[in-house]
Structures are given as C-alpha cells and as structure tokens.
Undergrad: 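First, the structure itself, so that you have it in front of you.
Note on naming: letters A, B, ... go to the chains in the order of the sequence lines (proteins, then strands), and numbering restarts at 1 for each one. Side-chain atoms are counted along with the backbone in the values below, which use heavy atoms only and exclude waters and symmetry mates.
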2 protein chains.
Amino acid sequence: MKLRNSSVSAREVAARAGVSRSAVSRTFTPGASVSEETRRKVLEAAEALGYHVNQLARGLTRQESGIVCLIGSDLGTPYRANLMKALTQHLQNVGKVAMVINTDRLDGSVDLALRQAIRYRADGSIILSGMPDKSITRLCLNNGQRLVLINRDDEHDGPLHINLDEAAAMGAVLMAFLRAGCRRLAFANSAAGTPSLMAREKGFIAAAATMGLDVMTERHGFTCYDSGRVLAHRLLTRKERPDAVFCVTDLIACGFMDAARQEFGLRIPEDLCVAGFDDIEQAGWSSYGLTTFSQPIDDIAARAVAWLDQGGRSDAQPLPSFIRLPASMVWRQSIRKG
Amino acid sequence: MKLRNSSVSAREVAARAGVSRSAVSRTFTPGASVSEETRRKVLEAAEALGYHVNQLARGLTRQESGIVCLIGSDLGTPYRANLMKALTQHLQNVGKVAMVINTDRLDGSVDLALRQAIRYRADGSIILSGMPDKSITRLCLNNGQRLVLINRDDEHDGPLHINLDEAAAMGAVLMAFLRAGCRRLAFANSAAGTPSLMAREKGFIAAAATMGLDVMTERHGFTCYDSGRVLAHRLLTRKERPDAVFCVTDLIACGFMDAARQEFGLRIPEDLCVAGFDDIEQAGWSSYGLTTFSQPIDDIAARAVAWLDQGGRSDAQPLPSFIRLPASMVWRQSIRKG
DNA sequence: TAACCCATTGCACAGCGGTGCAACTATATG
DNA sequence: CATATAGTTGCACCGCTGTGCAATGGGTTA
C-alpha cells in the first residue's frame, strides 16, 4: 500500500491499473462508456491506493460544484437548527453538500456571505435570515447560482421564495382566542422586524380588526426567551390586562408563560390564553404545553432542495418561484377549548 | 456591464484591464508582487465584471481548499446546534468555511462522511459524533487532512482529541449532593453509550464509591427529553426513592424534572435534588433553574479551529494532541445549598 | 470475403488560478 | 555614464478531472 502525504490522483490510479487516465475518469462518471474488465481493474487500483475523485477539479470542469450554501444567523436557535438539519439531510439525499455561512457577526450581512458562495461556485444558496441587496441577487444569478429565500417576504424575481401563510394562521388563532371567550387581545413581538414576524403582527391585527377588536402590541429585543419575559412585564402591567396573547415565536412564548405564571401568578389557560409559532420541541414539554403553529420544516427543506436540484436537469419543467405553505395549528393546553 | 451566464474568469479581467492573467492572480494573492498602478486597474476591471476568485481552482493549485467538514448527528439538539454555531463562527474568523455532513441517516456512520470530506479535499474534519474506523483515520491523515474528535474518548494517535474533565465534574456534583444532605443517589443515563456519557456515569459511580455510597443507575432510549421522563418513572417508582439524581444531559434533566414535579408531586430541590450537564439555554429558564455543568463551547471551538489552522503554517510549534477542558458548575436552584 | 456497426479506448484540450523563471524597467550607486 | 539592484511583468507549466473526436478492435450481416 503506497502512502503519500498528498492525495492520490487519477493518473496514479491509471498507471497502476495499466489503463489511460480517461478510463479512470469514466469509471467514476455514471453513464460513461467503460468495459466491465477495465472498470474492475480501475476500481481495484483505486481501492488499493485510496483514490477519491477530487470534487474541486470535477466542479471546475462540469459547471456544478455540488455545494449549496446555507446562509443565516442565530443558528443555535431551535427552529433554525432544525431547519438547517432538515436542509443538510435533503441536500445529501440528492448528492449535494451543505456549506454553512454564519452571518451572526458579519456586518455586511448576507452580501459578504453570498460573495463567499460565489467564490466556491456554489450551485445555489439558501438564505434563512437577512436580505441580500438586489445587486448581489443579480450577481448570483449571473454566476449561474440559484437562490432560495425562506420566510423573507419580498418582491424581486429570480429566486425561489418559500413563505408561510401567516395570515391564515393568524385568522385561525384569533378564532381560537374568541371561542375561548377572550376579548382583550395582545401581540408580543420582538423588535427584529423581519418580514415573517411583521406579517404575523399585521395578520393578527387585521384579523382582530375584522371582528372589531383592538390589539395591544409590544415589541422588544431579540427574538428570544428573555424578550418574552420583558414583554410579559410590559403587557401584564397594563391597566387593561390582556386575557389572550399571541407570541410571535415559541421562544418568546416560553419566556412569557414563565413570567406570567411565576411573577404574576396567572394560570394558563384559565386566566390567560397563550399561543406561539414554530412548534419548537420545548413547546411540547409539559411545563409549557403550548398551543402553536407547526412550520412544515421538512416540506420547506424538500421544496428548496428540489428547486435547486432541478436547476441541473434541463428536462424538467420549471417549478414555481413563489411557494406559500400552510402552518398547521398544534393544539395543546395553553388555550381554553371553547 | 458585461453579464454572462457562467461566471467571470481571471482571463476576462486581465483582458479588460490590459494586463496579463498573472497580474490578476497576483492582485488577489496576498504578498505577491504587483505595482499599485496594476493593482488598481485590475481591481477596477474585477469590480466592473463582477469577478470573484474561483476557490475550487485555487484549492486545486494550493494544497488548501479552505473547507473544514463538520461531521455529526442530532444537529437540531441545543448543545450540538450551539457547538456548530461556534465552530462555523471560529472557522470564518480564520478565513475557512464549514461544510456540514449530517450523519443522522447514514448507515456507514462517519466513514461515508469522511470520504465526502476527502473528495472535497477538506483541510480538516471535526467529528462531533460517532467514531471513524482506524483505517479511515489513516486515510484522512494520508490525504493531508487533519482530524479533530470532540468528546469522543479513545486512544489512537494523529487526530486532536478534545475532551472534558468529566471525572472532576462528577466529583464536584457528588459533593454538592452530599452537602445538600442527599444519600440516595441516582444516575439517569440514555442508552446511547457514547464515550462522554459513559465517562460521566463511571465518574459519578466512582466518586460515590469513595464515599461508600451506591448509585441507582438507569439507562434508556436516546439522549432526549422524553427519555428523561421515562427515566423518572423508572427511578422514582423504586422502593427506595432517590433524593438526588444526576441526569447525564440537560435535556434528560428537563424531562426528569417535569415528570418528577407533575406526575410524582415532588418539589425540587426540597424533595429531590437534580443536576444536569451541558448548560443548554433551557436549563436557565425559570421553569427549570437547573444546576448544571457548562461545556466551554467557545473554547472548544477556538481550540479545534486553532489546531486545524496551525496545520497550514509551518512556523508554528506543534500544539498538543490531547486537550482536556474543565466543565464549570453553574449553580441554579435544583440543588439545595448545604 | 467484404462492408458495416458498435463498444471501447486514448489523445489532446478545456476549465481556472498559482508560481518559478527569465526578461524587462526604473532607480540608485559608484 | 556604467553598473548594480530592486521591483514588475509575462510566459509557460502545473494542479486534477471531464469530454469531443478519432482510432482501434471485434463482431455481424450480406
């Protein structure tokens, strides 16, 4: 067994197998013409030498690197982490691989990340947070790179947009609150102001308006547990204390519930109905039993990957560029049944 | 502005700038010799055309792709997700980029993942779960790829091993239990049997033995919340009910606490002391207030990345290959103060 | 036996950027 | 003014693999 410090190339395999380098290349290219005999010799030599096709070189000649960039921040958050997990899984299923670009501390937000994606000639990028400039979007498309935007409502064409039907969800939760007899509605939002969070806020307020109801709205901090606690203080110390709160995110809902119970002595759902969004694992923990909306994470991932993968094949009819998926309500114990 | 469907190459930039392709290459190679005048012309042309160095090609000639593979399962789990987040961050700080390989459904465990890493000529791989065969480890080293194993206690040489001082932690928590007046000790483990989980079990039992105490031990299921509930049932229905439980993981501790309080009516810490490990975010939520051990995630990530990065420079003295970091105890309310 | 078809194979070039070497320019020194 | 020196620049080759094209060989059919 020949051991070198640098890696083995096709030439060495060819030499050992007594064939041309082309034969080696064809052996590892599905659909290429190689005789059974040659293939056997090549595979044998490759095995002996520990040969692995160099994807960097392969990506250079084919116009496909097999790399897809996942761009986002707050990757440690339950929802984001699960989305990432699903995406990596689905990408691997179609033979691609995920490259993660963390934008937490990147001032240039996603633009810097997308440049990185271009440098690695990624086949596509999936953007989980932040919004790229239009100019960068153009740049990506011109570089033959496909873009998927998840939960970033916006207008421009070219990328695939996957969004949830937030309006429908807000309508459903409002109905649930009303059936529970609640009339003093509140909405607890973070100050992040991302499109999907704002869509929920607007959707909830609009739904309430059709029933002639006002909504007490607060926005504070990041989209996290601690903000939920602060929001509880803000909303529950109001003169007219709400009897139903929609928390824009499960994480916020958990903080809200903890503060409501422990610092205001409220019982949930008897004194206060609460709902959240995302259906993170903790929502199902028995300390919370949070009624919430489940994001179809697996479906989102499957569609994103299918769309990116379809870019390779020319025989496919174009898939739609705007997808709106339903978020299904998960009933637990934080809203009284009417 | 010239827009092509495929990406811009250095040749085109050179043509537009009226210089040789070498000049373009040197402009983007730190430390290469280019006059200020030429550099300016090149940068101008590059900007106009939207040129980005092709990392695939660059990785081919230099022996460094800039890619580091993160290999692991259960990436949606709080601890893993945070570790991944820290690793991606630190990698980016030294100019590298993370490629994630999810081994959740890979039967060939990490071996398949490492082959993928080799195909992309990753500069190194960081393994978060599972154990690679020795043969694969050799293969990686022969391909000039460096390996980091996190919390996978084992013997063989070559890779960097980063482990926690589980024994010390178990000694500390035992002391805390004893000071709280507990004598009926229990250990709630998952059935995963990974090295670090088993090290905690052994460490706890050993520490108890030196004090002449037995430990009721149970193992069940995956390392998750639901297992914690099951373990609570197993341990709290025993004839001699424990008055202190160490849960091998915070996730298990959360499930255990919920079941203990809600199904057995126990007060924590009055009736039962509980401790966990990892210091996930939820441990700090006020429903739990779990006393636990904080994994130095940022330190782990920093060391792993420094070690991989150092592989590039020849001027550095070799860093150690075995690192054992302390897990520091985070006091909250789940253990009575003695 | 001659003509023809098909599978297989190797050559040579392409994809993109890094870099040693030699040539060239401009400046400094004697 | 001649020479030494340092800084730039371009050529040409390298890293590794994919693939069009032509050549080869074998088998089949008339």
Undergrad: Are B/N151 and B/S196 linked by a side-chain donor-acceptor pair shorter than 3.5 Å?
TA: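 No, no side-chain donor-acceptor contact under 3.5 Å.
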Undergrad: Can you tell me if the side-chain N/O atoms of A/T61 get under 4.0 Å from OP1 or OP2 in D/dG18?
TA: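 Answer no for this pair, as no side-chain N or O of A/T61 is under 4.0 Å from OP1 or OP2.
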Undergrad: Donor-acceptor pair, distance only, cut-off 3.5 Å: does the side chain of A/Q89 make one with the backbone of B/D104?
TA: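 Not confirmed, A/Q89 side chain does not pair with B/D104 backbone.
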Undergrad: Under 4.0 Å between a side-chain nitrogen and a carboxylate oxygen: does that hold for A/D299 and A/R303?
TA: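 A/R303 and A/D299: salt-bridged.
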Undergrad: Please confirm whether the shortest side-chain N or O distance from B/Y51 to OP1 or OP2 of C/dG17 is below 4.0 Å.
TA: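 Indeed, a polar side-chain atom of B/Y51 lies that close.
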Undergrad: Within the side chain of B/R80, is there an N or O that forms a donor-acceptor pair under 3.5 Å with the backbone of B/S73?
TA: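 Indeed, once roles are kept as given, a pair shorter than 3.5 Å links the two residues.
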Undergrad: Using whole Å, report how far CZ of A/R121 lies from C1' of C/dC16.
TA: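 Answer to the nearest Å: 8 Å.
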Undergrad: Hey, is the side chain of B/R11 poking within less than 4.0 Å of OP1 or OP2 on C/dG15, counting only N and O atoms?
TA: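 Yes, such a contact exists.
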Undergrad: In residues 121-128 of chain B, what donor-acceptor pairs under 3.5 Å come from side-chain atoms, sequence neighbours left out?
TA:
{"unit_1": "B/R121", "atom_1": "NE", "unit_2": "A/S7", "atom_2": "OG", "d": "3.0"}
{"unit_1": "B/R121", "atom_1": "NH1", "unit_2": "A/H52", "atom_2": "O", "d": "3.4"}
{"unit_1": "B/R121", "atom_1": "NH1", "unit_2": "B/I118", "atom_2": "O", "d": "2.7"}
{"unit_1": "B/R121", "atom_1": "NH2", "unit_2": "A/H52", "atom_2": "O", "d": "3.0"}
{"unit_1": "B/D123", "atom_1": "OD1", "unit_2": "B/S65", "atom_2": "N", "d": "2.9"}
{"unit_1": "B/D123", "atom_1": "OD1", "unit_2": "B/S65", "atom_2": "OG", "d": "3.4"}
{"unit_1": "B/D123", "atom_1": "OD2", "unit_2": "B/G66", "atom_2": "N", "d": "2.8"}
{"unit_1": "B/D123", "atom_1": "OD2", "unit_2": "B/K96", "atom_2": "NZ", "d": "3.0"}
{"unit_1": "B/S125", "atom_1": "OG", "unit_2": "B/Q145", "atom_2": "OE1", "d": "2.4"}

Undergrad: Verify, without hydrogens or angle tests, whether A/R324 (side chain) and A/L164 (backbone) share a donor-acceptor contact under 3.5 angstrom.
TA: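 Checked: pair present.
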Undergrad: Measure from CG on B/N143 to P on D/dC16 and round the result to the nearest Å.
TA: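 So the two atoms are 11 Å apart, to the nearest Å.
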Undergrad: Could you list by number each residue of residues 52-60 of chain A showing a heavy-atom separation from DNA chain C of less than 4.0 Å, or answer none if no residue does?
TA: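 Residues of residues 52-60 of chain A that come under 4.0 Å of DNA chain C are, in numerical order, A/A57, A/L60.
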Undergrad: Show the nearest heavy-atom pair for residues B/V13 and B/A46, with the distance to one decimal.
TA: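 Smallest interatomic distance, heavy atoms only, reads CG1-N, 3.8 Å.
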Undergrad: Looking at B/E47 and B/E44, would you say the former's side chain and the latter's main chain have a donor-acceptor pair under 3.5 Å?
TA: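 Checking the backbone N and O of B/E44 against the side chain of B/E47, no donor-acceptor pair under 3.5 Å is found.
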Undergrad: Name all residues meeting the salt bridge (charged side-chain N to carboxylate O under 4.0 Å, His left out) criterion together with B/E37; count only those two or more places apart in sequence or in a different chain, and write none if there are none.
TA: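 Partners of B/E37 under the salt bridge (charged side-chain N to carboxylate O under 4.0 Å, His left out) test: B/R40.
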Undergrad: Could you state the CD-P distance from A/Q63 to D/dT17, rounded to the nearest angstrom?
TA: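 Those two atoms, CD and P, are 17 Å apart.
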Undergrad: Output one letter per nucleotide in nucleotides 19-28 of chain D: B when a protein non-hydrogen atom lies under 4.0 Å from the base, S when only the sugar-phosphate is that close, - when neither is.
TA: BB--------
Undergrad: Name every donor-acceptor pair, under 3.5 Å, that has one atom in a side chain of residues 23-32 of chain B and the other anywhere in the protein, sequence neighbours excluded.
TA:
{"unit_1": "B/T27", "atom_1": "OG1", "unit_2": "B/A23", "atom_2": "O", "d": "2.8"}
{"unit_1": "B/T29", "atom_1": "OG1", "unit_2": "B/S25", "atom_2": "O", "d": "2.8"}

Undergrad: Using modelled atom types only, decide if a donor and an acceptor are shared between the side chain of B/S321 and the backbone of B/L160 within a distance under 3.5 Å.
TA: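 Here the side-chain-to-backbone pair does not exist.
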Undergrad: Does any residue of residues 31-41 of chain B have a heavy atom under 4.0 Å from DNA chain D, and if so, which ones, in number order?
TA: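 Here the set is B/S33, B/V34, B/S35, B/T38.
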